[in-house]
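Written below as structure tokens is the structure these notes are about.
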Amino acid sequence: MEEKLVKMLIESKHLVALTGAGVSAESGIPTFRGKDGLWNKYSPEELANPQAFAKDPEKVWRWYAWRMEKVFGVEPNKAHYAFAELERMGILKCLITQNVDDLHERAGSRNVIHLHGSLRVVKCTSCENSFEVQEPPKVPPLPTCDKCGSLLRPGVVWFGEMLPPDVLERAMREVEKADVIIVAGTSAVVQPAASLPLIVKRNGGVIIEINPDETPLTAIADYSLRIKAGEMMESLVEPVKKALS
Ligand code: BV8
Ligand code: ZN
């Protein structure tokens, strides 16, 4: 099976990847919907949406500051490094991620599209002010904009918010061109991200899913591997490297 997948990756014209929280799980970041999932304690409806933030900004900010602390304190894992290696070898053309951590970049990936924003970014709720942070804000007090004094918010896309049009546009262009897509570590329930692999399929492309559990995508994936992303991605990269050397 691996040889077949390795050959497919090497012969691909435009390989893209779509990743989710499962790719960061092996770095120690809890996923959203797994048994120890982030959403178990809270639900997205409770915290990751504009209404929750309007109602209780301190509660939402404390949750994000905790997640930022976590994400900024862990290291990329072998899945992140494998994707970066595939890009370095010119095999992976673009990495589209739903993750709001920066582990793909810290592993060396360059062409990364963050569909749902990033915990590294804090932005103003009123003016255009938006900036990268090295550590989470100390909350309380609520962080305010030094340009206009308004409340700051995490630079992520909440449920019920549109994805930045230019970001979604870029991701759509990438999947329109893709003849192979690796979908790793996502429960494939959040839209519009979960529809991106369907575009590859509709264009006659191949879907390779990597996930220890089944997902709604499993039924239409050409290959669905019940395995952890770190292990699978590492077992693909070595033979690709050898074949190209
Ligand atoms: C939108 C940022 C247009 C914030 C996130 C009702 C009202 C409003 C909207 C909706 C609605 N009903 C549906 C919608 C649309 C909604 C949606 O899709 N809801 C779903 C839940 C039904 N989408 C939206 O709202 C989007 N915007 O549609 O705008 C609009 C506007 C107004 C009204 C209607 C529509 C915005 C979606 C973006 C939300 N923001 N994150 C934050 O992070 O706090 S989404 C959040 O879920 C994360 O970004 C995460 O990436 C994403 C997806 O989760 P996964 O990454 O898949 O993680 P999960 O835990 O679920 O799964 C992990 C998987 O990994 C598991 O399968 C597990 O088996 C596997 N795994 C575990 N370990 C490993 C592994 N795999 C491999 N290796 C391992 N080691
Ligand atoms: Zn401002």
Side-chain angles (χ1 to χ4, degrees), residues 17-40 42-53 60-61 63-68 70-71 77-80 82-83 96-101 103-104 114-119 121-131 143-165 167-168 182-197 208-218 224-234:
L18 172 68
T19 64
V23 162
S24 297
E26 292 166 68
S27 294
I29 304 283
T31 61
F32 289 86
R33 297 168 182 84
K35 36 197 169 317
D36 62 347
L38 278 171
W39 299 141
N40 283 359
Y42 312 101
S43 70
E45 291 66 33
E46 242 180 294
L47 292 173
N49 69 68
Q51 295 72 20
F53 186 66
V60 173
W61 252 121
W63 183 55
Y64 277 95
W66 173 74
R67 287 175 60 198
M68 290 161 91
K70 200 133 183 61
V71 163
N77 65 64
K78 34 191 202 186
H80 297 108
F83 281 114
I96 303 164
T97 188
Q98 301 170 84
N99 297 343
V100 291
D101 63 51
L103 295 175
H104 281 303
H114 276 274
L115 295 175
H116 300 154
S118 168
L119 290 175
V121 174
V122 170
K123 61 185 192 182
C124 181
T125 52
S126 307
C127 75
E128 291 310 302
N129 189 15
S130 162
F131 51 94
T144 52
C145 174
D146 54 13
K147 300 240 175 336
C148 75
S150 302
L151 187 54
L152 293 175
R153 59 164 284 178
V156 298
V157 178
W158 278 326
F159 284 97
E161 291 187 319
M162 305 294 279
L163 276 61
V167 169
L168 187 55
I182 296 175
V183 183
T186 181
S187 57
V189 294
V190 173
Q191 295 299 345
S195 302
L196 294 175
I208 302 168
E209 179 181 44
I210 300 172
N211 192 326
D213 295 349
E214 295 211 348
T215 75
L217 199 66
T218 303
S224 191
L225 309 155
R226 292 284 77 74
I227 184 171
K228 289 188 168 186
E231 211 176 311
M232 188 65 222
M233 289 310 298
E234 197 170 55

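As the structure is a prediction and not an experimental result, all values here were calculated from the model. All ligand and atom numbering here is 1-based and tracks the order in the structure. All residue numbers refer to positions in the sequence shown, counting from 1.
In this structure, the side-chain hydrogen bond (donor to acceptor under 3.5 Å, both in side chains) partners of Q191, at least two apart in sequence or on a different chain, are S195.
Listed by number with element, the atoms of ligand 1 under 4.0 Å from a non-hydrogen atom of A229 are 77 (C), 78 (N), 79 (C). When each atom of ligand 1 is checked for a heavy atom of E26 under 4.0 Å away, the hits are 78 (N), 79 (C), 80 (N). Heavy-atom proximity to T31, at under 4.0 Å, picks out these atoms of ligand 1: 60 (O).
Excluding waters, the set of protein N, O or S atoms lying under 2.8 Å from the Zn ion (ligand 2) comprises C124 SG, C127 SG, C145 SG, C148 SG.
Taking only nitrogen or oxygen atoms, main chain and side chain alike, G160 reaches within less than 3.5 Å of ligand 1. For ligand 1, the polar-atom distance check against W158 finds no nitrogen or oxygen pair separated by under 3.5 Å. Taking any N or O of G185, backbone or side chain, at least one lies under 3.5 Å from an N or O belonging to ligand 1. Ligand 1 has an N or O atom lying under 3.5 Å from an N or O atom of R67, backbone or side chain. The shortest N or O to N or O distance between P192 and ligand 1 is not under 3.5 Å.
The option from E161, M232, K228 that lies nearest to atom 29 (O) of ligand 1, judged by heavy atoms, is E161.
With a 4.0 Å cut-off on non-hydrogen atoms, V23 does not touch ligand 1 at all.
Heavy-atom separations between A184 and ligand 1 are all 4.0 Å or longer.
Of the listed residues (W158, F159, W63, Y64), just one forms a ring-ring contact (aromatic ring centres under 6.0 Å, His included) with F53, and that residue is W158.
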